[in-house]
Amino acid sequence: MTGVTELTGARGFLRDNGLWTCFTLLFLATLAGQSVAGLAEQNHQQIADGLIPVSWAQYVTSSDFATDVAENWQSEYLQFFLYIVVTVWLVQRGSPESKKVGDAGLESARAQRIGRFAGPDSPRPARSSGGLLRLYANSLGLVMGVIFGASWLAQSIAGRAAYNDQLLRQLEDPVSWWGYVGSADFWNRTLQNWQSEFLAVASMVALSIYLRQRGSPESKPMGTAHGATGIEG
Amino acid sequence: MRGRAVVGAAFAAVVLAACGSARDAEVRTAATAFAAAVADGDGAAACAALTPEARRGVQSFGRDCAATIVQLPPAGIVEAVQVWGDSAQVRFAGDVVFLAELGDEWRVRAAGCRARPGAPYECAVEG
């Protein structure tokens with residue numbers, strides 16, 4: 001018995017899925033806010049260029065909006081993809097984000113509860129062997145990596161369309177897709193997002209060694225020593 | 001389910017391609033009508049095809065739009081059309097013309113354009 005009262009219906013769902021629900025709602029609200037603010041900026045530019053302002057529906061289906069959305073998505077998924085994969089091999093002494101210093105690597109079958117060490121409640125692929133097991137062993141990083149790649153590709157396609165519109169307004173020739181992915185615009189948009197993600201991860205890894213957030217699983221318990229590694233609150 | 005998704009994706013691709021080619025055709029029609037008006041010496045029709053800013057540009061220093069615009073070089077046949085957002089470029093054999101979408105019609109915003117390496121086109125008509 002866990003001591004947690006069983007709830008049914010919507011209240012039970014929200015209690016069990018509060019984290020996912022909260023961030024999904026925040027995502028939708030901020031995406032809507034971005035569309036409104038972006039529309040205002042776009043129409044300011046339209047008027048300055050002697051063009052007719054666009055509607056909200058036209059803006060949210062435009063290459064400008066798609067580029068702005070995709071360039072942020074790709075960097076977020078890159079951050080999580082790298083973090084998931086790199087933390088297999090690299091550790092940080094004292095960080096709750098890291099495994100214990102001696103545990104770097106793929107870990108044993110026993111520790112991972114796979115094959116003959118799998119329990120009755122283990123996912124079916126963890127009880128299997130061969131290709132299915134290998135695929136499942138990398139499924140989280142693989143999916144995050146694929147979403148990153150797809151978002152980055154979408155950024156390049158939508159970004160090229162928006163960039164070419166801008167070039168034509170400046171009486172310049174449009175560029176090919178290869179021309180765009182080698183352009184300063186593409187790499188400026190890409191790298192300005194990447195640097196912020198890497199800074200945030202490095203900060204989180206370092207600050208969580210010495211600072212605490214009581215009750216958060218992202219922090220060590222308050223009384224845990226700074227040198228304790230791989231302990232979450 | 002997978003079959004439906006494939007059909008849906010194919011349908012979306014066809015719709016997008018059709019929209020793209022329809023916009024290309026609109027731009028081509030607007031640009032060739034402008035070039036034909038210039039070639040025929042119909043300055044009034046050519047000026048009516050310009051954006052308001054381009055027309056103001058032609059009329060600067062007190063020049064008459066209709067009399068000035070017919071001095072543009074002959075454009076010739078269309079070689080390429082590119083449409084991106086509400087901007088477009090039409091390459092003729094003898095000219096490069098830039099257009100802008102104003103509401104539901106395409107207007108010429110620059111014509112008589114000459115390429116300059118590493119810089120925007122230099123255009124006789126620009127706005």
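For the numbers below, each heavy atom of this structure counts, side chains included, while hydrogens, waters and symmetry mates do not. Reminder, nothing fancy here: chain letters follow the sequence lines and each chain counts from 1.
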Take atom CZ of B:R116 as the centre, draw a 6.0 Å sphere, and report whether it contains more than 12 heavy atoms from other residues, nucleotides or ligands.
yes
Are there more than 12 heavy atoms of other residues, nucleotides or ligands under 6.0 Å from atom CG of A:L26?
yes
Name the member of A:D173, A:L167, A:D49 that forms the most heavy-atom pairs with chain B at distances under 4.5 Å.
A:D173
If I measure from the heavy atoms of chain A, does B:Q89 come under 4.5 Å with its side chain, its backbone, both, or neither?
both
Check whether B:A88 gets within reach of chain A through its side chain, its backbone, both or neither, counting any heavy atom under 4.5 Å.
backbone
Take B:W84 and A:Q166, measure what side-chain contact (heavy atoms from CB on, under 4.5 Å) needs, and give me the verdict at the end.
CA-CA 9 Å; B:W84 295 99; A:Q166 191 59 41; over 6 Å; no
Top of B:P120, B:G85, B:A115 for chain A proximity - count of heavy-atom pairs under 4.5 angstrom:
B:P120
Around atom CD of A:Q192, are there more than 12 heavy atoms of other residues, nucleotides or ligands at under 6.0 Å?
yes
Taking C-beta and beyond as the side chain, do B:E101 and A:I52 meet within less than 4.5 Å on heavy atoms?
no
Based on non-hydrogen pairs under 4.5 Å, which of B:L102, B:L99, B:D86 is most in contact with chain A?
B:D86
Let me know if B:F98 has heavy atoms under 4.5 Å from chain A in its side chain, its backbone, both or neither.
side chain
Taking all non-hydrogen atoms of both residues into account, name the closest pair between A:G50 and B:E53 and its distance.
CA-OE2, 3.5 Å
Would you mind checking which part of B:R91 comes under 4.5 Å of any heavy atom in chain A, side chain (CB onward), backbone (N, CA, C, O), both or neither?
side chain
Contact origin within A:Q58 toward chain B - heavy atom pairs under 4.5 Å:
neither
So for B:C113, is it side chain, backbone, both, or neither that comes closer than 4.5 Å to the heavy atoms of chain A?
neither
Main-chain N/O of A:L171 paired to B:R109 side chain as donor or acceptor, under 3.5 Å
no
